[in-house]
K.L.:
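Supplied in structure tokens, the structure appears directly below.
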There are 2 protein chains.
Amino acid sequence: MAQQEAREGRLRPARRLTLADDVYESIKTLVMDHILPPGERVNIDALSRELDVSPTPVREALARLEADGLVRKRPLSGYTTTPLLTRAEFDDLFEVRLLLEGATAGRAAAHASTEERQRISTEAAATIDVEAGDGYRRHAAFTALDATFHDLIAEVAGSPLLRDSITRLHSHLHLHRLYFPVTGAPDTNTEHQRIAAAIAAGDSDADAEAMRAHLTAARERHLPAFDQLPAPGAPRDPA
Amino acid sequence: MAQQEAREGRLRPARRLTLADDVYESIKTLVMDHILPPGERVNIDALSRELDVSPTPVREALARLEADGLVRKRPLSGYTTTPLLTRAEFDDLFEVRLLLEGATAGRAAAHASTEERQRISTEAAATIDVEAGDGYRRHAAFTALDATFHDLIAEVAGSPLLRDSITRLHSHLHLHRLYFPVTGAPDTNTEHQRIAAAIAAGDSDADAEAMRAHLTAARERHLPAFDQLPAPGAPRDPA
DNA sequence: CGAGCCTATTTCCTATAGGATGTTGCTTTG
DNA sequence: CAAAGCAACATCCTATAGGAAATAGGCTCG
């Protein structure tokens, strides 16, 4: 796949000046799209052959991904992709999101410039073309849209630290979300628009509340996925 | 220094099974103790010679440290240690700490077991032997004590995600704190004991408030350090 | 005397090879 | 037939070498 492009020199000019960064993005995509399934072993040599690079940059990218929490490293056994969220981890994630993103939304409503308020409204109005692509692609696009919206608000809030923390949380959820497609895209859009409206009005409290309501609702929408799970860690659970 | 120990085989048996992890801790210590000053260039080859290992594990460790925010990587120019916090970044840091650690303290007061409440009280009572060591060592010990206390509370709160986020923030502050020793160790101890008392009493609201008061006071204590700063990026002044 | 250009050095980045360790499958024994 | 021990395999981990890019210093030109 990608290696042909590399050999033909198409991928090279577009790379980020350092091969390791490019490899990092490639592997991240592989994990996010579940081409590398959760809980699976990650073979460094196989990856380097697949991407047509030496193991060294792959190793460097894997180290960064471990810090991101997308892969784990067992000392003398190699890397594995992180298993799916357990119910407890899922609850924890949303509690922290409620805290962080609630505060972030409040800040965004207070700090946003006129131009930024406009941008948020536009983004909230954006919707997925329901007829475009198959179910998987449409769901992936919807997921990406949601992530973009939340990141935009975090950016406007003006706290780099908050934004980083939120981004970090999102990658965990993203991993889970793609695995169990959930319905509720129209609801999500409606909730996003409520948030955007509160920001446009400059009402911090209302925006924080709208964000919390959105997250609570999203949490409820995801919950049924756990009933489909035979065991909370089933793929590979040595511990 | 460390290389002699390595050659004599003293460091080898104690290592974490993977050399890269050991190197990671070594470099982290070098950065924290300002043996590698903030804003300085980090030479990979020099580091590998210093630690008596090959550049590969050094590179891997650096990648992880970059994700931690302790070093930055400029695409074709190598790694540099992160510069000291600017005033804006400092304010941002404490705002996020207020949010995260306030909520964490509240949770800790609600969730802690009897044994954990006892452990926290003991930790809060622990004090630095003022006569032990020189000013630098004493300050480093005090800093470590403070970090331990905060991490203990985060652990008791029972949210792995919150704990990780807080730990991440602390490493940034630690970097800054060691550079500008501040007074107020007795005050810190008093405030810690108030927090411990609220946890012992199981009063969530009071504990959250005590933690926020502690952080606000700590922020005030650190503030004068910025007056000593000639320029936001000037690494070494009166050595 | 200053600015721009060129060259040389240093440094980073990537690739390949060898040693050590964990894992897996098979055989053997109780 | 099951469990334990052994051996072969695959994989990771570390070390070394070579190529490419950027930075710094010196020189020439205006």
Side-chain angles (χ1 to χ4, degrees), chain A residues 2-3 5-7 9 11-27 30 36 39-67 71-82 235-239, chain B residues 2-3 5-7 9 11-27 30 36-37 39-67 71-82 233 235:
Chain A
Q3 62 202 47
E5 289 188 358
R7 289 206 185 95
L11 205 62
R12 300 292 183 184
R15 79 179 192 190
R16 284 170 185 70
L17 281 78
T18 67
L19 194 53
D21 285 353
D22 201 23
V23 171
Y24 169 78
E25 291 295 339
S26 298
I27 299 179
L30 290 178
L36 268 46
E40 199 85 344
R41 297 193 57 166
V42 178
N43 190 316
I44 295 182
D45 289 346
L47 260 180
S48 62
R49 283 193 299 271
E50 185 86 7
L51 299 172
D52 196 36
V53 295
S54 77
T56 309
V58 173
R59 176 171 296 276
E60 191 167 337
L62 247 26
R64 290 178 56 187
L65 285 168
E66 187 195 12
V71 299
R72 297 180 194 280
K73 174 188 172 188
R74 229 172 46 183
L76 270 308
S77 172
Y79 288 92
T80 57
T81 49
T82 47
R236 277 154 181 38
D237 195 1
Chain B
Q3 63 202 42
E5 291 189 357
R7 289 204 184 97
L11 207 62
R12 298 294 183 184
R15 77 178 193 191
R16 282 171 186 69
L17 282 79
T18 67
L19 194 52
D21 286 353
D22 202 23
V23 171
Y24 169 77
E25 291 295 338
S26 299
I27 299 178
L30 289 178
L36 267 46
E40 199 86 343
R41 297 192 56 166
V42 177
N43 190 315
I44 294 182
D45 289 347
L47 260 180
S48 62
R49 283 193 300 272
E50 183 88 9
L51 299 173
D52 196 35
V53 295
S54 74
T56 309
V58 173
R59 176 172 295 277
E60 190 166 338
L62 248 27
R64 291 178 54 187
L65 285 167
E66 187 195 12
V71 299
R72 296 179 194 280
K73 175 187 171 189
R74 228 173 48 184
L76 270 308
S77 173
Y79 288 92
T80 58
T81 50
T82 46

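Computation of the quantities below employed the complete heavy-atom set of this structure, encompassing side-chain atoms and omitting hydrogens, waters and symmetry-equivalent molecules. To find a chain, count down the sequence lines: A is the first, B the second, and so on, and within it residues start at 1.
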K.L.:
With a 4.0 Å cutoff (strictly under), does any side-chain N or O of B:Arg59 reach OP1 or OP2 of D:dA15?
P.N.:
no
K.L.:
Hey, could you give me the CG/CG distance between B:Leu30 and B:Leu51, rounded to the nearest 0.5 Å?
P.N.:
6.5 Å
K.L.:
Rounded off to whole Å, could you give me the CG-to-P distance for the A:Asp45 and C:dG22 pair?
P.N.:
18 Å
K.L.:
Could you tell me whether the phosphate oxygens of D:dA15, OP1 or OP2, come under 4.0 Å of any side-chain nitrogen or oxygen in B:Ser54?
P.N.:
yes
K.L.:
With a 3.5 Å cut-off and sequence neighbours excluded, list the donor-acceptor pairs that the side chains of residues 55-67 of chain A form with protein atoms.
P.N.:
{"residue": "A:Glu60", "atom": "OE2", "partner": "B:Tyr79", "partner atom": "OH", "Å": "3.2"}
{"residue": "A:Arg64", "atom": "NH1", "partner": "A:Asp21", "partner atom": "OD1", "Å": "2.8"}

K.L.:
Scan A:Val42 against the nucleic acid and name what it touches under 4.0 Å (heavy atoms): base, sugar-phosphate only, or nothing.
P.N.:
sugar-phosphate
K.L.:
Which sits closer to the 5' end of DNA chain D, B:Arg41 or B:Pro55, going by the nucleotide each is nearest to?
P.N.:
B:Pro55
K.L.:
Whole angstroms only, please: what is the CZ-P distance between B:Arg49 and C:dT11?
P.N.:
8 Å
K.L.:
Rounded to whole Å, please give me the gap between CG in A:Asp52 and P in C:dT14.
P.N.:
13 Å
K.L.:
So, B:Thr81 side chain and B:Pro37 main chain: donor-acceptor pair closer than 3.5 Å or not?
P.N.:
yes
K.L.:
By side-chain hydrogen bond (donor to acceptor under 3.5 Å, both in side chains), which residues pair with B:Arg72, not counting sequence neighbours?
P.N.:
none
K.L.:
Please state how far atom CZ in B:Arg74 lies from atom P in D:dT23, giving the value in whole angstrom units.
P.N.:
6 Å
K.L.:
C:dT11 C1' sits how many Å from B:Ile44 CD1, rounded?
P.N.:
9 Å
K.L.:
Give the nucleotide from the list C:dT14, C:dA15, D:dC12 with an atom nearest to the side chain of A:Asn43.
P.N.:
D:dC12
K.L.:
Rounded to the Å, how far apart are A:Leu19 CG and D:dA20 P?
P.N.:
15 Å
K.L.:
Rounding to a whole Å, what distance do you find between B:Glu60:CD and C:dC13:P?
P.N.:
15 Å
K.L.:
Give the rounded distance in Å between these two atoms: CG of B:Leu62 and P of C:dC13.
P.N.:
9 Å
